[in-house]
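What follows is one structure encoded as structure tokens, with my remarks underneath.
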Amino acid sequence: MSEPSTVTDAADPRLSDYTDLTDVELRRRREPAEGLFIAEGEKVIRRALAAGFRMRSMLLTAKWLGVMGDVIAETDAPVHLVDPALAERVTGYHVHRGALASMERKPLPSAAEVLDGARRVAVLEGLVDHTNLGAIFRSAAALGMDAVLLSPDCADPLYRRAVKTSMGAVFSVPYARLDPWPDSLAAVRAAGFELLALTPSGAEDFTVAKSHLLDRAALMLGAEGDGLTPKALAAADQRVRIPMAHGIDSLNVGAAAAIAFYAVNHG
């Protein structure tokens with residue numbers, strides 16, 4: 001058990017893992033380099049621990065001591081007790097949930113490892129919006145996708161906002177980077193997957209493509225707005241689209257992913 005210690009100085013080095021959490025560029029560079037990520041809120045912290053991530057430390061306000069009591073009792077990581085104003089000075093924002101944990105990252109698996117035994121995977125290109133990325137991981141977990149593959153320029157699934165939006169689903173869906181891109185898509189095809197590019201342009205409806213009948217399917221989704229690049233589209237086996245009404249030509253990528261994940265598993 002770790003005995004909580006009160007910290008009153010925002011510059012205290014014990015709080016260094018939690019500084020400037022709103023500086024996306026800084027945290028994007030720092031967290032992978034230092035092998036850490038931030039879990040925010042009781043549920044997300046518990047899900048990270050349940051997924052086998054090791055806690056480096058925890059930052060709490062007083063009212064969360066009771067709620068997190070069992071976690072504190074089971075960890076040997078330091079627990080830093082701060083008042084809400086200090087938490088805001090350190091992190092750069094009002095910590096609504098009052099509980100943060102710095103967690104240690106695990107080594108990222110290879111694409112071959114996450115594809116082994118999988119039947120339904122999502123392939124994401126250029127997803128840099130952490131909220132969209134988190135939403136896609138949450139849908140992937142809920143709707144039966146076995147893994148997620150990311151182009152090298154996709155955002156970090158373990159960035160705080162992505163973790164928070166996914167409600168910890170990033171811990172339960174295996175993921176890997178595909179590099180080089182898009183050449184590595186050939187390895188996905190070689191593993192027996194049909195590459196289905198989700199795009200409104202020159203595509204067949206899911207009902208026509210019958211993607212749900214394929215033994216192994218890899219659903220390719222591009223960034224909000226631009227969609228998949230021409231090179232990614234050229235690498236696909238089929239182009240598929242979601243039928244839409246009232247002249248609407250596209251959906252938010254998170255919404256489109258959820259519909260596509262359901263269709264490819266249950267359509």
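What you see below is based on every heavy atom in this structure, not just the backbone, and it leaves out hydrogens, waters and symmetry mates. Residues: numbered from 1 along the sequence shown.
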For Phe171 and Phe137, run ring pair (Phe, Tyr, Trp, His ring centres under 6.0 Å): C-alpha distance rounded to whole Å, both residues' side-chain angles, the deciding distance at 0.1 Å, then the answer.
CA-CA 9 Å; Phe171 308 140; Phe137 266 87; 9.9 Å; no

In the structure I gave you, are the side-chain heavy atoms of Ser151 and Leu124 within less than 4.5 Å of one another anywhere?
no

Of all the heavy-atom pairs spanning Leu178 and Ser184, show the shortest one and how long it is.
CD2-CB, 3.8 Å

Pro152 side chain reached by Arg177 side chain, heavy atoms, under 4.5 Å
no

When you compare the side chains of Arg138 and Ser166, does any donor N or O come within less than 3.5 Å of an acceptor on the partner?
no

In terms of side-chain heavy atoms, does Thr19 have a donor or acceptor partner in Arg30 at a distance below 3.5 Å?
yes

Hydrophobic side-chain clustering at under 4.5 Å (ILVMFWY, transitive links): who's grouped with Leu100? Put none if nobody.
Val7, Leu15, Tyr18, Leu21, Leu36, Ile38, Leu59, Val82, Leu86, Val90, Tyr93, Val95

Going by salt bridge (charged side-chain N to carboxylate O under 4.0 Å, His left out), name the pairs with one or both residues in residues 189-201, residues two or more places apart or in two chains.
Arg189-Asp237

If you look at every heavy atom in His80 and Pro78, which pair is closest and at what distance?
CE1-CB, 3.8 Å

Just list the side-chain donor-acceptor pairs under 3.5 Å for residues 217-225, sequence neighbours left out, or say none.
unit_1	atom_1	unit_2	atom_2	d
Glu224	OE1	Asn252	ND2	3.3
Glu224	OE1	Val253	N	2.9

Is Arg29 salt-bridged to Asp23, cutoff N-O under 4.0 Å?
no

Could you tell me if the side chain of Glu3 sits less than 4.5 Å from the side chain of Ile72, heavy atoms only?
no

Which atom of Phe37 lies closest to which atom of Leu158, heavy atoms considered
CB-O, 3.3 Å

If you link I, L, V, M, F, W and Y whenever their side-chain heavy atoms are under 4.5 Å apart, who else ends up in the same group as Tyr159?
Val24

Once you round to the nearest 0.5 Å, how far does SG of Cys154 lie from CD of Glu125?
8.0 Å

Any side-chain to backbone donor/acceptor pair from Thr91 onto Ala87? Under 3.5 Å, distance only.
yes

Check whether any side-chain heavy atom of Val114 sits under 4.5 Å from a side-chain heavy atom of Tyr175, and report yes or no.
no

Side-chain contact, heavy-atom cut-off 4.5 Å: Asp156 with Pro32?
yes

Taking all heavy atoms of Ala260 and all of Ile242, pick out the closest pair and write down the distance.
N-CD1, 4.5 Å

Is the shortest heavy-atom distance from the side chain of Leu81 to the side chain of Ser5 under 4.5 Å?
no

Can you confirm whether Leu198 sits close enough to Val240 that some side-chain heavy atom of one is under 4.5 Å from a side-chain heavy atom of the other?
yes

For Leu185 and Ala235, work out which heavy atoms get closest and say how close.
CD1-CB, 3.7 Å

Enumerate, atom names and distances included, each donor-acceptor pair closer than 3.5 Å involving a side-chain atom of residues 140-150, sequence neighbours excluded.
unit_1	atom_1	unit_2	atom_2	d
Asp146	OD2	Arg119	N	2.8
Asp146	OD2	Arg120	N	3.0

Look at Glu104 together with Arg56 and state whether they make a salt bridge at an N to O cut-off of under 4.0 Å.
no

Closest non-hydrogen atom pair between Gly254 and Ile136, with its separation
CA-CG1, 4.1 Å

Return all side-chain donor-acceptor pairs below 3.5 angstrom for residues 42-53, not counting sequence neighbours, or 'none' if the list is empty.
unit_1	atom_1	unit_2	atom_2	d
Glu42	OE2	Arg46	NE	3.0
Arg46	NH1	Asp70	OD1	3.4
Arg46	NH1	Asp70	OD2	2.8
Arg46	NH2	Val67	O	3.0
Arg46	NH2	Asp70	OD1	2.9
Arg47	NH1	Met167	O	2.4

Answer yes or no: is there a donor N or O on one side and an acceptor on the other, between the side chain of Thr165 and the main chain of Ala162, under 3.5 Å?
no

Just wondering, do Arg160 and Glu31 contact through their side chains at under 4.5 Å, heavy atoms?
no

